[in-house]
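Take a look at the structure below.
Nothing here was measured: the structure is a model prediction, and the numbers come from that model.
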Amino acid sequence: MSLYTETITSLRSKLSAKEVSPREIVESLLKRIESVDPKIQGYLWMNAEEALQQADAADLSKPLGGIPIAIKDNLNVIGNPCTCASKILANYQALYDATVISKLREAGAILLGRTNMDEFAMGSSTENSSWGKTRNPWDIDRIPGGSSGGSAAVVGAHEAIASLGSDTGGSIRQPAALCGCVGMKPTYGRVSRYGLVAFASSLDQVGPFTKTIEDSALLTQVISGHDPRDNTSALQAAPDFLSDLKKGVKGMRLGVPKEYFVAGMDPQVEKGIRDAIQQLQSLGAEIVEVSLPHTEQATAVYYILATAEASANLARFDGVRYGHRASNPTDVLDLYGRSRAEGFGSEVKRRIILGTYVLSSGYYDAYYNRAQKVRQLITRDFTEAFKKCDAILTPTSPTAAFKIGEKSQDPLQMYLADIFTIAVNLAEVCGLSLPCGFTSEKLPIGLQIIGPKWGESAILRVGQAYEQSTSWHQQRPNL
Ligand code: GLN
């Protein structure tokens, strides 16, 4: 078995038994990247030289000592580009490390390279990147999902052992589902966003892509915890996510919301999810029906609140302080206008215009305020549901990976790719996606496990029980 196919956990034991060295791991990955990334195009930029140096200096006594991790291009790593796949940040170099990056460094991880994404994390297919399209490792004519498509594809293609992404409305879970890996969106406040380029600040969370649930628990553990530099990060310390991991699901109550099995869902996806539910039942979980009645409003609410917040967050890119500056401006308004017109892509412009509209006087009450109220109702749905169960099971995405170009001309269809993931961000709870089967075209299907606030241990435990009783996670794409 080649080293690049291993997990964090298996490499950790090989490293401590001195069967391999960190340099051999990095070299194995660099070779793999050289051979398959021209097809996948998951990486935007490689840290090869530095990764080898970090490998030689790795401290193997640390939890991620000698383990290479790939990083989404919206997290600041000092000295690296951090473009958010946008022309407006084409020449930007990070001046500091995001807190999650400092935590990775403290844990001994090696920073391998930067992964492709939808521009400013807006999208579900990574087709909105200014630097080209990433391909799905299971079928290179298809999208890898988004917005963290690069981070998912490089783990799915075994070009990284694990990676970090960000999730505002599904951007970790949906690409993880489509690329056949595990993606975790922690509870809002669990992980610091200091150094994550903000999209929608009331929704954004950082989280890991891994090949197994155990690796997900380990990596989530490393990046969690209070950060005085992010005042939305919770004061409480993260519990030990690994300690309960293997306790099984016997006696756990798992909720199945009737609103998540909708018309228009791919029947193969539905079958995959129904089989997984049955599997968990046979492992001893009690399946209960729950209701999340405001699910239908989630997409509308999200696209009002996320665009409103994005329009405010992206105001800082004005050609003066960061990034691209238009040449020969006639005055300051011309400088702002042209720098932004030249720097932002069309989806980002659409969101800024929508967000500015819903915040403008006269529309603020009708859209923004009303959306805030419906967000409360969605949150209450989850609070009620979690009185009846410990975790909720749903599909992650209504379809498997779609073809490149299939939805890129139809923003509304693209927005509907998130119908099962966005309510989780609106309610500030946690969710993960893990492989639960394949379609007849051999495209991965993802099971979403949603937990209450601070319920990561519960969803990881459910995920572990399921994963260990199936072999989906052991399948590899043919590349
Ligand atoms: N696909 C959603 C959007 O386009 C979610 C993106 C994300 O989670 N960053 O906004």
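In this structure, Ser151 contributes its side chain and Leu164 its backbone to a donor-acceptor pair below 3.5 Å. Remark: side-chain polar atoms of Thr126 are not paired, donor with acceptor, to backbone N or O of Met117 under 3.5 angstrom. The main-chain N or O of Glu6 is found under 3.5 Å from a side-chain atom of Lys211 such that the two form a donor-acceptor pair. Using modelled atom types, no side-chain atom of Asp227 and backbone atom of Ser233 make a donor-acceptor pair closer than 3.5 Å. Between the Glu467 side chain and the Ile213 main chain, a donor and an acceptor come within less than 3.5 Å of each other. Using modelled atom types, one side-chain atom of Asp118 and one backbone atom of Asn128 make a donor-acceptor pair closer than 3.5 Å. Between the side chain of Ser2 and the backbone N or O of Tyr4 there is no donor-acceptor pair closer than 3.5 Å. Side-chain atoms of Gln221 come within 3.5 Å of backbone atoms of Pro239 as a donor-acceptor pair (strictly under, hydrogens ignored). The backbone N or O of Val191 lies less than 3.5 Å from a partner atom in the side chain of Gln205, making a donor-acceptor pair. Formation of a donor-acceptor pair under 3.5 Å by the Ser171 side chain with backbone atoms of Thr168 is not found in this model.
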field: CA sep, side-chain torsions, deciding dist, call: Thr439, Ile445, side chain to side chain contact (heavy atoms under 4.5 Å, CB included)
entry: CA-CA 7 Å; Thr439 65; Ile445 302 171; 4.1 Å; yes
- request: Apply side chain to side chain donor-acceptor pair (under 3.5 Å) to Thr470 and Gln279, showing your working.
  value: CA-CA 9 Å; Thr470 57; Gln279 173 75 4; over 6 Å; no
query: Can you list the steps and then say if Thr399 with Asp266 is a side chain to side chain donor-acceptor pair (under 3.5 Å)?
result: CA-CA 5 Å; Thr399 64; Asp266 181 334; over 6 Å; no
task: Would you sort out whether Ile25 and Leu15 count as a side chain to side chain contact (heavy atoms under 4.5 Å, CB included), showing the intermediate values?
output: CA-CA 10 Å; Ile25 298 171; Leu15 283 166; 3.8 Å; yes
query: Given the rule in the side chain to side chain donor-acceptor pair (under 3.5 Å) test, do Gln174 and Ser124 qualify, once you have shown the distances and angles that lead to the verdict?
result: CA-CA 8 Å; Gln174 183 256 18; Ser124 304; 4.7 Å; no
task: Using the side chain to side chain contact (heavy atoms under 4.5 Å, CB included) rule, take Leu242 and Leu218 through it: C-alpha gap first, then chi angles, then the decisive distance, then the call.
output: CA-CA 7 Å; Leu242 287 157; Leu218 185 62; 3.8 Å; yes
task: List the steps, then state whether side chain to side chain contact (heavy atoms under 4.5 Å, CB included) holds for Val154 with Leu112.
output: CA-CA 11 Å; Val154 298; Leu112 193 56; over 6 Å; no
- prompt: What's the verdict on side chain to side chain donor-acceptor pair (under 3.5 Å) for Asn313 and Ser201, showing C-alpha distance, side-chain angles and the deciding distance?
  reply: CA-CA 8 Å; Asn313 274 326; Ser201 305; 3.1 Å; yes
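The minimum heavy-atom distance linking Asp418 with Gly169 is given by the pair CB-O, 3.8 Å. Pairing each heavy atom of Asn74 with each of Ser166, the nearest pair is ND2-OG, 3.0 Å. Ala55 and Ile110 make their closest contact through CA-CD1, 3.5 Å (heavy atoms, listed as atom of the first residue, atom of the second, distance). The two atoms that bring Ile449 and Val462 nearest to each other are CD1-CG1, 3.8 Å, heavy atoms only. Between Phe382 and Ala427, the shortest heavy-atom contact is CD1-CB, 3.5 Å. Closest heavy-atom contact between Gly446 and Ser433: CA-OG, 3.8 Å.
Here the side chains of Val182 and Thr212 are not in contact, with every heavy-atom distance at 4.5 Å or above. Put simply, the side chain of Ser147 reaches to within 4.5 Å of the side chain of Lys72, judged on heavy atoms. Contact of the Phe386 side chain with the Ile450 side chain is registered, since non-hydrogen atoms from C-beta on lie closer than 4.5 Å. Side-chain contact between Ile40 and Ile140 is present, with at least one heavy-atom pair separated by less than 4.5 Å. When side chains are defined from C-beta on, Ile172 does not count as touching Met184, because their heavy atoms never get closer than 4.5 Å. Residues Arg12 and Ile67 are in side-chain contact: their nearest non-hydrogen atoms beyond the backbone lie under 4.5 Å apart. With a 4.5 Å cut-off on side-chain heavy atoms, Lys185 and Thr421 do not count as touching. In this structure, Val77 and Arg114 have side chains that are in contact, with non-hydrogen atoms separated by less than 4.5 Å.
Here the options are Arg229, Arg105, Lys103, the test is salt bridge (Lys or Arg N to Asp or Glu O under 4.0 Å), and the partner is Asp97; only Arg105 passes. Residue Asn80 forms a side-chain contact (heavy atoms from CB on, under 4.5 Å) with just one option from Leu111, Leu75, Asn47, and that option is Asn47.
One finds no salt bridge joining Lys14 and Glu24 here, because no Lys/Arg side-chain nitrogen approaches an Asp/Glu carboxylate oxygen to under 4.0 Å. Comment: Arg461 does not engage Asp244 in a salt bridge, judged by the lack of any side-chain N to carboxylate O separation of less than 4.0 angstrom. For Arg375 and Glu428, the salt-bridge test passes: some basic side-chain N is under 4.0 Å from an acidic carboxylate O. Using a 4.0 Å cut-off between charged nitrogen and carboxylate oxygen, Lys31 and Glu27 do not count as a salt-bridge pair. Taking the charged nitrogens against the carboxylate oxygens, Glu214 and Lys246 do have a contact shorter than 4.0 Å, which makes a salt bridge. Using a cutoff of 4.0 Å between basic side-chain nitrogens and carboxylate oxygens, Glu384 and Lys387 are scored as salt-bridged.
Atoms CZ and OG, on Arg23 and Ser28 in that order, are 13.5 Å from each other to the nearest 0.5 Å. Remark: Glu456 CD to Thr220 OG1 distance equals 7.5 Å, nearest 0.5 Å. The OG atom of Ser148 lies 10.5 Å from the CG atom of Asn116; values are rounded to the nearest 0.5 Å. In this structure, CG on Asn136 lies 13.0 Å from NZ on Lys39, to the nearest 0.5 angstrom. Note: Leu11 CG to Ser16 OG = 10.5 Å, rounded to the nearest 0.5 Å. Summarising the geometry, atom OG belonging to Ser291 is positioned 10.5 Å from atom OH belonging to Tyr260; distances are rounded to the nearest 0.5 Å.
Counting non-hydrogen atoms of neighbouring residues, nucleotides and ligands closer than 6.0 angstrom, the NZ atom of Lys442 exceeds 12 such neighbours. At most 12 heavy atoms of other shown residues, nucleotides or ligands fall within 6.0 angstrom of atom CG in Asn231. Within 6.0 Å of CD on Gln474 lie more than 12 heavy atoms contributed by other residues, nucleotides or ligands. The environment of CD in Gln236 is crowded: more than 12 heavy-atom neighbours from other residues, nucleotides or ligands sit within 6.0 Å.
Ring planes of Phe199 and Tyr302: perpendicular class, angle over 60° (limits at 30 and 60°).
With a 6.0 Å cutoff to the six-membered ring centre and a 45° limit on the axis angle, Arg274 counts as a cation-pi contact of Phe261.
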